[in-house]
Amino acid sequence: MSGKLAGMSAIAGRFASLRDRGEKALVPFVTGGDPPIEHLPMILRTLESGGADLIEVGLPFSDPIADGPTIQASSQRSLDRGTRLEDIFEAVAKASVGVPVIYMGYTNVALRRGFGRFAKGARESGAAGALLSDLTPEEAGDWQAAAKEAGLDTVFLVAPTSTNARIELACGATTGFVYCVSRTGVTGAENRVPADVRETVARVKRHTSLPVCVGFGISQPEHVRMVCEVADGAVVGSHLVNLLAETWREGSGREKLQEAVAGLKAASRI
Amino acid sequence: MPSAPRTQGRFGLYGGRYVPETLVPALDELTQAFHEAWNDPAFRAELEGHHRKTIGRPTPLTYLPRISDETGLRVYAKREDLCHGGAHKLNNAIGQMLLAMRMGKTRIIAETGAGQHGVATATVCAMFGLKCVVYMGEDDIKRQELNVFRMRLLGAEVRPVGSGTKTLKDATNEAMRDWVTNVGDTHYIVGSCVGPHPYPFIVREFQKVVGEETREQILAEENRLPDALLACVGGGSNAIGFFYPFLEDKAVRLIGAEAGGEGLATGRHAAPLCEGTPGVLHGAYSYLMQDDEGQVIPTHSISAGLDYPGVGPEHSSLKDSGRAEYHAVTDEEALDAFMWLSRSEGIIPAFEPAHAFALLKKLPFDADSLLIINLSGRGDKDMETASRVLEL
Ligand SMILES: Cc1ncc(COP(=O)(O)O)c(C=O)c1O
């Protein structure tokens, strides 16, 4: 990092340089350990070379209440293979990609290890931030302290149902980017993104100067384009998880993933 | 031990609210609706009317002469099996339904294990004319067939859940996902004192009528408080409703029976208070059956209603403080007690409260101790399984 980016976190630096280039962020999500964990470094590098600006790595949990069938099944496959948290940390460290990595998981996986040890391990793996889907700002005091101590950025969710007071709270607890959920619902690829996401993003933007990314249900370049008109980035999860499950084993799996990411990325250059 | 933040809805360290952001406004709305209703004499009067005329309360406190003789104890049963629907579950379902109506919700969802909570929810939906969807694990659908039919007969849609362990835990996951998706018009009637704040609190308040009646009834019968109360603990709603009015009566022992399945040593059980560690599942911090990685461990119990890896946060707090004690009862011991109560007293209990009865033989009590067991439900739903495992 050089010049004006010095001293910024990796996430802040990334959004600053995207802004300079007049681009928005494409943020792919993949489940750690599905396909098998030894593939994760290659998957992350492929996402990067396809044009990912940040990458979310899912930490599987046995009871993912915020996830739809695709990520549920993917998490379960990963757990059935015996993937451990440490394996995911090691694979991310090994991949050593140049874009910021953010872990996305559930409270119990972090709490079981202890928030402090979890945050330290995540940071040491090279990740820039973490998001716990079922941890609201009210419950997050210890987590925020642990993340700060480890030098890990926090990401919190806002939803269409969030009141302005809650948006304020989430923005106040966030140091990385604010994750705006596109709809009331769980994760899963959809055919359309609800139009009122614009309004939610606009509400969030009134409360913060932090970057705002939109996720849940985004699967096509036109979704990315629509979201990037108002937000600073788009998260694409289930669609890529499906693609990996269907094609990664084939000889052409890497090209297919790279192509898909490149197509989505192109839509984020407005 | 991981530290947990202390915010709203805590019982000591336990409870709280660990949910996707989307649900928080609905939980706030529910909290407020409950407090307004609970302070509204008209709501109380309406609920009490349903206690008498719908559920059939007060339920009797029955002395069990033959079991008392055999054990050298004085044993009573609180007859929640005589509630409309066959279990204590209706106490909570009616209360939450009245709240849902106050909040203007038009669709009801629920999770169920044994099917008793599903039947109770389907019952109140039929009474109030609301659409009802009940999530139930595929394994539970098989072992509680009768209740599945009852729910359908009452007009509810039973949605089978085939993910994970295919039991109550995964039915609860699916119900939470439905609620996240349909939170605008839907109220989720949680069936036990589990889940995010305010559920553990609300469910206890709706179930505490069981303990309040028991207290009055035992004073009328025996002119003294009991030496101990015994109840089975799945999520813990029948137990907390039974225990709560006696919490300040320090001389009354509070004893919970968890599902010991094939025995604690085998790992195949559902006894988080006996063998678990604190963690977060379904929105609350509480004792939990989990591995070193924080993954929830599959449970086993012959009783679908107790086959759950978590437990209500108030029980976790009562365990830590020592105010209540929890013991595991195996499938085999529960089946023994199921036969014993049937043949000694002519009462066929559900498998769940049979676990509590088994403690009469398992724990040492002073001679002539005055004990009350919460007979949380009747056994009809378990006939199918019983006829397969018992040779008569
Ligand atoms: C008769 C009966 N007792 C007990 C339970 C367990 O629930 P809880 O521990 O919340 O009372 C059930 C659950 O289905 C039940 O049907």
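Both backbone and side-chain heavy atoms feed into the values below; hydrogens, waters and symmetry mates do not.
Within the 4.5 angstrom heavy-atom criterion, no atom of Thr165(B) approaches chain A. With a 4.5 Å cut-off on non-hydrogen atoms, Pro64(A) touches chain B through its backbone and its side chain both. Residue contact with chain A, scored on non-hydrogen atoms closer than 4.5 Å, involves the side chain of Asp170(B) exclusively. Neither the backbone nor the side chain of Ile297(B) comes within contact range of chain A; no heavy atom of the residue lies under 4.5 Å from a heavy atom of that chain. Proximity to chain A (any heavy atom under 4.5 Å) is shown, for Thr22(B), by both the backbone and the side chain. Residue contact with chain B, scored on non-hydrogen atoms closer than 4.5 Å, involves the side chain of Leu79(A) exclusively.
Within the 3.5 Å criterion, the main-chain N or O of Asp291(B) finds a donor-acceptor partner in the side chain of Arg112(A). No side-chain donor-acceptor contact under 3.5 Å links Asn173(B) to the backbone of Ile65(A).
Among the candidates Asp67(A), Asp134(A), Thr107(A), Leu85(A), the residue making the largest number of heavy-atom pairs closer than 4.5 Å to chain B is Asp134(A). For the set Val186(A), Thr136(A), Val181(A), Asp63(A), the count of heavy-atom pairs under 4.5 angstrom toward chain B peaks at Asp63(A). Per-residue heavy-atom pair counts under 4.5 Å with chain B were compared for Pro60(A), Ala159(A), Pro137(A), Ser62(A), and the maximum is reached by Ser62(A). Residue with the most contacts toward chain A among His282(B), Gln295(B), Glu174(B), Lys169(B): Gln295(B) (heavy-atom pairs, distance under 4.5 Å).
Here Thr184(A) contributes atom OG1 and Trp179(B) contributes atom CH2; the two are 12.5 Å apart, rounded to the nearest 0.5 Å. In this structure, the separation between CG on Asp28(B) and CZ on Arg166(A) is 6.5 Å, given to the nearest 0.5 Å. In this structure, Phe61(A) CZ and Gln290(B) CD are separated by 8.0 Å, a value rounded to the nearest 0.5 Å.
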Trace of the side chain to side chain contact (heavy atoms under 4.5 Å, CB included) decision for Val109(A) with Glu293(B)
CA-CA 6 Å; Val109(A) 170; Glu293(B) 293 273 298; over 6 Å; no

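Checked by atom type, the side-chain pair Ser162(A)/Glu21(B) shows a donor-acceptor distance below 3.5 Å.
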